[in-house]
4 protein chains.
Amino acid sequence: MTEEKATFFFHEPLGAGASKVVSGMKKREVQASVKDERLVQRRRDQMIKGAVSLFKEKGFHRTTTREIAKAAGFSIGTLYEYIRTKEDVLYLVCDSIYDHVSERLQEDLEHKQGTLESLKHGIANYFRVIDEMQEEILVMYQEAKSLTKDALPYVLNKENEMAAMFEKLITLCVENGELNLSEKQIRILSHTIIVEGQMWSFRRWTLQKLFTLEEYIEMQTEYLFSGINGVSKALQKGTITK
Amino acid sequence: MTEEKATFFFHEPLGAGASKVVSGMKKREVQASVKDERLVQRRRDQMIKGAVSLFKEKGFHRTTTREIAKAAGFSIGTLYEYIRTKEDVLYLVCDSIYDHVSERLQEDLEHKQGTLESLKHGIANYFRVIDEMQEEILVMYQEAKSLTKDALPYVLNKENEMAAMFEKLITLCVENGELNLSEKQIRILSHTIIVEGQMWSFRRWTLQKLFTLEEYIEMQTEYLFSGINGVSKALQKGTITK
Amino acid sequence: MTEEKATFFFHEPLGAGASKVVSGMKKREVQASVKDERLVQRRRDQMIKGAVSLFKEKGFHRTTTREIAKAAGFSIGTLYEYIRTKEDVLYLVCDSIYDHVSERLQEDLEHKQGTLESLKHGIANYFRVIDEMQEEILVMYQEAKSLTKDALPYVLNKENEMAAMFEKLITLCVENGELNLSEKQIRILSHTIIVEGQMWSFRRWTLQKLFTLEEYIEMQTEYLFSGINGVSKALQKGTITK
Amino acid sequence: MTEEKATFFFHEPLGAGASKVVSGMKKREVQASVKDERLVQRRRDQMIKGAVSLFKEKGFHRTTTREIAKAAGFSIGTLYEYIRTKEDVLYLVCDSIYDHVSERLQEDLEHKQGTLESLKHGIANYFRVIDEMQEEILVMYQEAKSLTKDALPYVLNKENEMAAMFEKLITLCVENGELNLSEKQIRILSHTIIVEGQMWSFRRWTLQKLFTLEEYIEMQTEYLFSGINGVSKALQKGTITK
DNA sequence: AATGAATGAGAATTCATTCAT
DNA sequence: TATGAATGAATTCTCATTCAT
């Protein structure tokens, strides 16, 4: 993967600073004045926790650094001992959410077997993670655009890593002969899966009023595997119920 | 549809002010000091045009009202003759984009016939509209969350109207016996179509590097109608090419 | 009367521009673009009427020229055909109020006779005028300070003219042998009378809750003529009632 | 005293928020971001000092917050650490002036004895305080009207407290048999005294040119106690000089 | 390390005044 | 004469960031 012209959820076309999204990319460093690594970690955790709940409530721009400091339980001066700019907080928050999601997914995708069953299971699991973390997901996708150019590649990288998980899962199925899909088809499929998960969170104002999570999983899986035609026929035959 | 607890792309849980998303809802009025309706329309068009390009570049929050005025080609004082608050600009922008998208869709969905072919055609057309307006789409979905509570129902309503278009299209197919889907399945399907369209714009940083629009349309349609299994089999049989 | 260092209800120490308060001073001209004198007068009357009611409600500074124009029944453009600056409106308003008050007083003080009775009658009449015009009185005294330096002498002059009326009335009594007061005593007395009148308007929040106008007139007159000692004795003797 | 329909020096008729002027009323709190109470006091003192001198010069409305900050010796940002709105400054200024006046009066009225002599002494003292603080008095009475509804009761209350001081002084004389006055007469008298004091400041442009403070005190006292008639007779008899 | 007072650039909004029609 | 759209200087207030204690 080379030079990004990333415009995922981002406004500015990326300039020189923002390039190469390499898998296995190192974390972007956020400078702290305080040396004690353990303390830095603890303070940042407090900070992220406070910030997430504030961002949920009012978004990044409407949240002030003072509020973040207060929510984190320390003073504004202390806040700035652990970050350099307000945007650092946003980066830490996004990074942390990605990590949590990835972690939860990784956990489950550990025992990848390359069967259709395990793929379905993986998808269902992903949807459930999304459901549990919907607030965070919302925050992340809505505010990530406010990250500056140099934080961007790291975030895009995370997105790619997530897609890669599903790609791997699907590829295993292909290798096992359970599926027969081209590279490109795998790519698009994994992105579609990810987006359908996000959909549960983004469109919850309507979806979550119409369906329970499990219904949603079932129906989406049905569509995903059998498509409109398949679903249509199955319904006709009575294989699946309304 | 009743009382919304909308959390679509919005942070604050909606209070009393923001309820009822009624189809056929009247436009929310944005007050102008200037009386000449025609002039108001013209100036607002200038304003929207300028604002969209600024919002694309730097987002709503980072764009100042002075910049908007300048981009629109008039003074800050004049800007405020046509709106009341900065947020009004955002509302006008979102409203305008929705209108354009809807219009473009409506145009095409006029000759709805209730055949699978026409449904496919409608979807393809929608994807193309998205492609043409991707910048605007991006702006709308990323900034709409900054609208205040009282502008919200109008925006949610637009979303519903868009979903309703596809619901109608699909329902026609069902009525014609071309498809056999339950109410709920129609619902979820139309939202999925919409989201897959948005995906082309949201994930363009990766999708548009891998696929041409027509490829994307073809592949998504394939998945949508036949699902993973169908695609998989077709590929095996050589019905479709990689 | 010479060089004023007027600080009546005015903030800035007066510079060169503001001097000589001469009795019989000509009115300060307020320039109009419109030539037709009659029209100018009519429009200004509309303007003053509207402005007074607005100033009553929200004060000079919080009232906008647009509001004044609207209240006057014409457009902002038209307003500026009859004045040069917003402050001109204030001057016209103050001037007009003074004129009304003076006129009402003059009317009554016409038949000055130089008896104590007629002095009492004059005072009572003045109090009644104040009562009738209290809103205007309030406006005038509260906003006059916003007049610029060059409008000031005219206003001070009006104040002097009012004091002069009572001075004349009292002087007549002195000349008639009904009273025996020095120049200075006459001066201070006439100012005191004027201020006691204003008091009815300025302190109405408490006075007008405790007394009717007629009670107030009676009591103030009693004090004015007999003083604390006199009132005290009269009460003791039962000459006056509580 | 209950429900006020105060229109003292105020434009808007008071709504629900502005009621009950209770003696012993607590001070209206002005919120500060800074915690250190002592510092808050010091900074506010600087602020008030600067503001008073600016208000004297150009009035509340024509003074900008930046000017206030500068006059106080700190930045605009710092100013807003100690107040919430510009109006807070006005409230602090008015409050401070009242406090100073009250304090100066209280000091002296401490040794109230209920003799006519001590009453005269109290009045003279009040006039001298007014003289010393005339600039502040002017500012207070001219700008107080710009206070919002919720600051009003506090200010009216102060006015009442001042009147109450004289009422007490007079009442003592009545109780001692030195005077014989009704409740209402006491009321009106104390207000008259207060207003005659203010008169020295409000009409200084003419009074202070004609009289020295001591002359003014003497003459007003004469009138106050003996009235026109008394003064007139005394002059005739040669008891007092011109 | 922690604190929180100080800073000032920057933002939205208002409104007196002008001027072309 | 009358109109009202256009203007932009001026104003209040916010908030990220710094730095002395």
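Each chain gets a letter, A, B and so on, in the order the sequences are listed, and its residues count up from 1. Here the structure is a predicted model, which means the values were calculated and not measured.
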Between [N] and [X], is there an OP1 or OP2 to side-chain N/O distance shorter than 4.0 Å?
X	N	value
C:Thr64	E:dC15	no
C:Ser75	F:dA2	no
C:Thr65	E:dC15	no

Using whole Å, what does the distance between atom [atom2] of nucleotide [N] and atom [atom1] of [X] come to?
X	N	atom1	atom2	result
D:Arg62	F:dT11	CZ	C1'	15 Å
B:Lys86	E:dT13	NZ	P	8 Å
D:Lys35	F:dT21	NZ	P	21 Å
B:Gln31	E:dT14	CD	P	12 Å
A:Leu79	F:dC19	CG	P	17 Å
B:Tyr80	F:dG4	OH	C1'	21 Å
C:His61	F:dT11	NE2	P	11 Å
D:Lys70	E:dG8	NZ	C1'	14 Å

According to the Watson-Crick and G-U wobble definitions, with both distances under 3.5 Å, which nucleotide is paired to [N]?
N	value
E:dA20	F:dT3
E:dA1	none
F:dC15	E:dG8

Review point. Which class fits the ring pair B:Tyr82 and B:Phe74: parallel under 30°, tilted 30 to 60°, perpendicular over 60°?
Key: tilted
Practice item. Might you work through the side chain to side chain contact (heavy atoms under 4.5 Å, CB included) test for C:Thr63 and C:Lys56, ending with a clear yes or no? Key: CA-CA 10 Å; C:Thr63 301; C:Lys56 273 183 204 172; over 6 Å; no
Can you tell which of [options] lies closest to the side chain of [X]?
X	options	answer
C:Thr78	F:dA2, F:dA5, E:dA5	F:dA2
B:Arg43	E:dA1, F:dA6, E:dT7	F:dA6
B:Ile76	E:dT13, F:dA5, E:dT3	E:dT13

Check your understanding: Can you tell if the side chain of D:Arg84 reaches within under 4.5 Å of the side chain of D:Val30, non-hydrogen atoms only?
Key -> no
Check your understanding: Under a 4.5 Å cut-off applied to non-hydrogen side-chain atoms, are C:Glu143 and D:Lys145 in contact?
Key -> yes
Review point. Heavy atoms under 4.0 Å, any strand shown: does C:Thr85 hit a base, just sugar-phosphate, or nothing?
Key: sugar-phosphate
Review point. Rounded to the nearest 0.5 Å, how far apart are CD of B:Glu135 and CZ of B:Phe55?
Key: 14.0 Å
Exercise for review: Let me know, please, whether B:Ile83 or A:Arg66 comes out on the 5' side of the other along DNA chain E by nearest nucleotide.
Suggested key: A:Arg66
Check your understanding: Of B:Phe74 and A:Gly77, whose nearest nucleotide on DNA chain F comes first from the 5' end?
Key -> B:Phe74
Point to revise | Salt bridge present between B:Arg43 and B:Glu81 (N-O < 4.0 angstrom) | key: no
Review point. Is there a donor and acceptor pair closer than 3.5 Å between the side chain of D:Arg84 and the base of F:dT14?
Key: no
